[in-house]
Amino acid sequence: MFESEFERGLFDLRKAKLAEIEKLGQAAYPNQFPATHTVPEIRTTWGEAKTEELEAKRVTVSVAGRIMAIRTQGKAGFATLQQGGQRLQIYVRLDAVGDQGFALYKLLDLGDHIGVSGYLFRTRTGELTVHVERLTFLAKAMLSLPEKYHGLADVELRYRQRYVDLFTNLESREVFVKRAKVLRALRQFFDERGYLEVETPMMQQIAGGAAARPFKTHHNALDMDLFLRIAPELYLKRLVVGGLDRVYEINRNFRNEGISTQHNPEFTMLEFYQAYANYHDLMQLTEELIEFVARSVNGTAETEFNGHKIDLAQWQRLTLREAILQYWPEEGGPKPAMTAFDSAQVLQSRVQAAIISLEKAAEATGRIAPERLAELKTIREALNAVYYESMKGAPVGKSVYNLFEAVAEPFLIQPTIIYDYPVEVSPLSKAKPDDPAHVERFEFFAGGFELGNAFSELNDPVEQHKRFEQQLSERDRGDDEAHQMDEDYVRALAYGLPPTAGEGIGVDRLTMLLTGSRSIRDVILFPLMRPEKQEKPPQASGS
RNA sequence: GAGCUCGUAGCUCAGCAGGUAGAGCAACGCCCUUUUAAGGCGUGGGUCCUGGGUUCGAAUCCCAGCGAGCUCACCA
């Protein structure tokens with residue numbers, strides 16, 4: 001618990017102070033405090049009230065909070081209480097609270113919780129303040145608070161000790177308040193449209209619905225291995241088979257993969273399914289949804305992210321192939337023709353030409369801004385990977401998709417829907433009726449990253465069974481992200497899934513966008529961290 | 001998994017052409033009845049992330065490890 005002798009000493013000192021406080025007739029750990037107002041209520045109601053108005057009305061309040069600043073001046077003093085994410089100053093003077101009250105005031109430390117009763121007034125400098133008449137001790141901070149001006153700045157400490165971060169950095173608190181608003185707005189949006197909120201298993205015998213490595217766990221009584229889900233998809237579609245035409249679920253997914261500014265091992269996913277709809281319907285719905293959530297959370301459709309102003313009410317829609325052409329780097333030479341996307345060989349040579357062109361451009365340093373040079377390097381490396389994979393025999397659809405990720409995705413700052421994906425990268429989507437090489441699928445992007453993925457669902461059990469078998473052979477070849485066979489899901493489809501469209505949205509990422517947070521860890525209260533030091537590794541029990 | 005950067009008091013940070021550690025906040029004592037990053041005087045507080053190495057001497061240089069951030073790769 002203690003970081004040092006300093007902390008141990010401080011703790012002992014605070015214990016002594018607690019004993020002193022008890023001697024004054026106050027409980028060290030009282031059970032409650034009957035506040036008449038919260039700090040935000042006081043600020044809302046009296047924040048603008050004039051000095052004379054407060055004097056005339058003599059507003060009395062009882063309010064509680066944590067002491068975030070304290071300034072003693074002999075026989076009087078100020079303190080700043082924080083509660084509900086807001087602050088309120090209090091003024092304590094000997095002649096108002098008496099000897100006992102003032103003795104208590106002098107025993108208070110930064111971080112302590114107290115309750116005060118008194119009347120509101122404005123100080124000489126105009127600050128709304130409680131003139132305290134009675135002081136009640138509520139709980140003590142036994143450890144010292146972070147530096148009061150900078151707060152807790154160490155990113156690692158902010159994640160590990162979120163409880164300190166939350167009360168010292170109010171911006172951090174604000175992010176999580178907004179996150180709650182995001183969840184509320186999402187639920188409101190779907191509830192109003194007749195979707196039923198459901199909860200499907202998070203422990204699954206077959207981890208399906210996405211391409212990802214799962215976490216494994218074990219049920220002792222049943223002596224059965226289970227996986228933490230990587231997606232709720234297959235269960236939600238079973239529900240549509242069952243006649244729940246519109247369902248949504250907001251819950252955690254778990255993927256046993258790398259961690260980055262956009263990836264946490266557990267993350268919150270919204271998935272929703274709508275019978276009798278296709279992906280065009282969901283494009284419309286998505287645009288409405290995102291704008292609605294933005295306005296509910298921020299009061300505006302505009303958001304600031306990574307130095308960009310993003311307008312979530314203005315969308316562009318491009319096919320995947322159009323996007324490649326539109327975002328084709330100038331320095332990469334002439335754009336490929338649309339027909340290049342139909343042939344692996346043609347595409348390969350176009351990519352090769354672009355790599356060479358980019359290399360030439362990079363040599364002409366001085367003519368290109370350093371930031372652009374870094375971008376070009378990233379693009380070039382990505383193109384190299386596309387080329388290499390293609391040479392190894394990747395299907396053309398896979399290469400087209402990789403090409404899109406290389407040249408377009410990072411530049412999709414403004415809200416963009418990308419649609420019509422190659423069938424090779426979309427095992428659960430339905431093919432376009434007039435173009436079997438492409439599926440009815442879209443993903444949408446903002447801020448340079450993917451926010452969601454949607455498609456018209458494959459509902460042909462025979463075709464689904466076939467695709468699972470293909471996945472099985474991928475598994476045999478060592479791809480541990482390939483789907484397992486889910487016979488029961490195929491059976492569900494065999495009872496008849498109506499034409500259905502479904503979509504998944506990363507709630508953490510949406511929250512990042514709406515709060516201007518660059519790292520997913522800034523929108524997750526307790527992101528996964530490695531243990532700090534290896535003292536005694538806790539004994540794994542029961543296994 | 002790879003590259004770059006960082007790790008000094010409870011917190012925020014200096015110190016790094018090698019000479020056994022400093023400031024501010026916080027803490028402790030004293031003064032101060034409208035202050036607000038309050039102020040003034042004084043005091044205490046450090047395995048300089050860990051372990052090796054180089055050196056007469058290491059917070060500083062080198063190596064390894066641990067933890068973190070960023071970028072890239074995989075992915076949502």
Side-chain angles (χ1 to χ4, degrees), chain A residues 2-11 13-14 16-17 51 68-80 87 89-97 102 105 109-111 121-127 129 131 141-161 164 168 209-213 230-231 253-271 374 377-378 381-382 384-385 405 410 443-445 449-453 480-481 504-510 512 518-522 527 529-534:
Chain A
F2 299 112
E3 295 282 321
S4 63
E5 280 310 305
F6 170 88
E7 289 204 337
R8 187 180 301 278
L10 188 65
F11 199 91
L13 216 90
R14 297 274 158 104
K17 280 190 176 180
T51 306
M68 296 305 289
I70 191 160
R71 299 176 287 278
T72 310
Q73 301 181 337
K75 297 182 178 60
F78 292 89
T80 302
R87 293 184 168 195
Q89 179 169 268
I90 64 167
Y91 180 51
V92 182
R93 41 191 294 170
L94 175 62
D95 51 18
V97 298
F102 204 71
Y105 172 77
D109 291 296
L110 285 179
F121 77 110
R122 270 185 201 285
T123 61
R124 220 181 261 162
T125 52
E127 175 140 358
T129 303
H131 198 296
M142 308 295 280
L143 298 167
S144 78
L145 264 48
E147 212 258 2
K148 69 180 168 192
Y149 188 60
H150 299 91
L152 194 63
D154 186 314
V155 182
E156 183 177 351
L157 280 180
R158 291 183 47 215
Y159 296 154
R160 287 191 195 277
Q161 301 185 29
V164 178
T168 45
R213 297 215 303 272
I230 56 175
N253 287 350
F254 307 85
R255 298 191 182 175
N256 206 340
E257 293 179 353
I259 292 176
S260 79
T261 46
Q262 283 160 33
H263 303 263
N264 196 63
E266 54 177 309
F267 64 101
T268 301
M269 182 85 149
L270 158 71
E271 281 201 19
K377 181 164 181 266
T378 308
E381 281 168 0
N384 266 324
E405 291 198 323
E443 293 185 313
F444 66 101
F445 301 81
F449 55 80
E450 184 190 337
L451 280 169
N453 180 21
D480 51 3
E481 290 187 1
I505 297 177
V507 174
D508 311 276
R509 289 188 180 178
L510 181 57
M512 287 166 67
R518 288 199 217 173
S519 170
I520 197 168
R521 303 183 131 201
D522 292 325
M529 304 287 278
R530 282 197 173 85
E532 231 172 330
K533 33 194 126 145
Q534 299 182 330

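Here is how names work: the chains are called A, B, and so on, in the same order as the sequence lines, proteins then strands, and each is numbered from 1.
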Can you give me the closest heavy-atom contact between A:A212 and A:I230, atom names plus distance? O-CD1, 3.8 Å
Classify A:R8 by what it touches in the nucleic acid, base, sugar-phosphate, or nothing, heavy-atom distance under 4.0 Å. nothing
Paired to B:A27 by Watson-Crick or G-U wobble criteria (both distances under 3.5 Å) is B:U43
What interatomic distance, in whole Å, is found between C1' of B:U5 and the corresponding atom of B:G45? 30 Å
Are the ring of A:F6 and the six-membered base ring of B:G45 within the stacking cut-offs of under 5.5 Å and under 30°? no
Determine the contact category for A:E7: base if any of its heavy atoms lies under 4.0 Å from a base atom, sugar-phosphate if only primed atoms, P, OP1 or OP2 are that close, otherwise nothing. sugar-phosphate
Could you tell me the separation between the CE atom of A:M68 and the P atom of B:A37, rounded to a whole number of Å? 15 Å
Chi class for B:A27: syn within 90° of 0, otherwise anti: anti
Under 4.0 Å protein heavy-atom contacts per nucleotide of nucleotides 68-73 of chain B, with B for base, S for backbone only and - for none: SSSS-B
For A:G151, report the nucleic acid contact type (base, sugar-phosphate, nothing); a contact means any heavy atom under 4.0 Å. sugar-phosphate
Supply the atom-to-atom distance A:Y91 OH to A:R71 CZ, rounded to the nearest 0.5 angstrom. 12.0 Å
Short side-chain N/O contact to B:C11 OP1/OP2 from A:S144, under 4.0 Å: no
Of A:N264 and A:L94, whose closest RNA chain B nucleotide lies nearer the 5' terminus? A:L94
What is the distance, to the nearest angstrom, from the OH atom on A:Y149 to the P atom on B:A37? 9 Å
Tell me what A:A153 touches on the nucleic acid: a base, only sugar-phosphate, or nothing, going by heavy atoms under 4.0 Å. sugar-phosphate
Determine the contact category for A:K17: base if any of its heavy atoms lies under 4.0 Å from a base atom, sugar-phosphate if only primed atoms, P, OP1 or OP2 are that close, otherwise nothing. sugar-phosphate
Rounding to the closest angstrom, what is the interatomic distance between B:C48 and B:G15 at atom C1'? 10 Å
Span that lies between the C1' atom of B:G52 and that of B:C11, in whole angstrom: 31 Å
Is there a donor N/O on one and an acceptor N/O on the other, under 3.5 Å, for the side chain of A:R124 and the base of B:U34? no
CZ/A:F444 to CZ/A:F449 distance, rounded to the nearest 0.5 angstrom? 10.5 Å
Considering every strand and a 4.0 Å limit on heavy-atom distances, what is the contact class for A:L157: base, sugar-phosphate, or nothing? sugar-phosphate
Taking any heavy-atom pair under 4.0 Å as a contact, classify A:L110: base, sugar-phosphate, or nothing. sugar-phosphate
Between CZ on residue A:R521 and CE on residue A:M512, distance to nearest 0.5 Å: 12.0 Å
Give A:E127 one of three labels, base, sugar-phosphate or nothing, depending on what nucleic acid heavy atoms sit under 4.0 Å from its own. base
Rounding to an integer number of angstrom, what distance separates B:U35 and B:A23 when you compare their C1' atoms? 25 Å
Can you tell me, in whole Å, how much space there is between the C1' of B:G46 and that of B:U20? 13 Å
Out of B:C32, B:A27, B:U34, which has the shortest distance to the side chain of A:F121? B:U34
Taking all non-hydrogen atoms of both residues into account, name the closest pair between A:R255 and A:A210 and its distance. NH2-CB, 3.4 Å
C1' spacing across the pair B:G24 / B:U60, given as an integer number of angstrom: 23 Å
Nearest whole angstrom, please: distance from the P of B:C28 to the CD1 of A:I70. 10 Å
In whole Å, what is the span from the CD atom of A:E5 to the P atom of B:G10? 10 Å
If the P atom of B:G65 is compared with that of B:A2, how far apart are they to the nearest Å? 10 Å
Would you sort out whether A:L143 and A:E7 count as a side chain to side chain contact (heavy atoms under 4.5 Å, CB included), showing the intermediate values? CA-CA 7 Å; A:L143 298 167; A:E7 289 204 337; 3.9 Å; yes
Less than 4.5 Å apart, side chain to side chain, heavy atoms only: is that true for A:Q262 and A:E450? no
Can you list the residues that meet the side chain to side chain contact (heavy atoms under 4.5 Å, CB included) rule with A:L110, with sequence neighbours excluded? A:I67, A:I70, A:L145
Which one is paired to B:G22, where only Watson-Crick or G-U wobble pairs with both distances under 3.5 angstrom count? B:C13
In whole angstrom, what separates A:L143's CG from B:C11's C1'? 12 Å
Are B:A76 and A:F267 stacked, with the base six-membered ring and the side-chain ring centres under 5.5 Å apart and planes under 30°? yes
Give one of base, sugar-phosphate or nothing for A:N256, where a contact means two heavy atoms less than 4.0 Å apart. nothing
For B:A9 versus B:C49, give the span between their C1' atoms, rounded off to a whole number of Å. 15 Å
Side-chain contact test, heavy atoms from C-beta onward, threshold under 4.5 Å: evaluate it for A:V507 versus A:F267 and give yes or no. no
Pick base, sugar-phosphate or nothing for A:L13, based on heavy-atom distances below 4.0 Å to the nucleic acid. sugar-phosphate
In whole angstrom, what separates A:M512's CE from B:A76's P? 16 Å
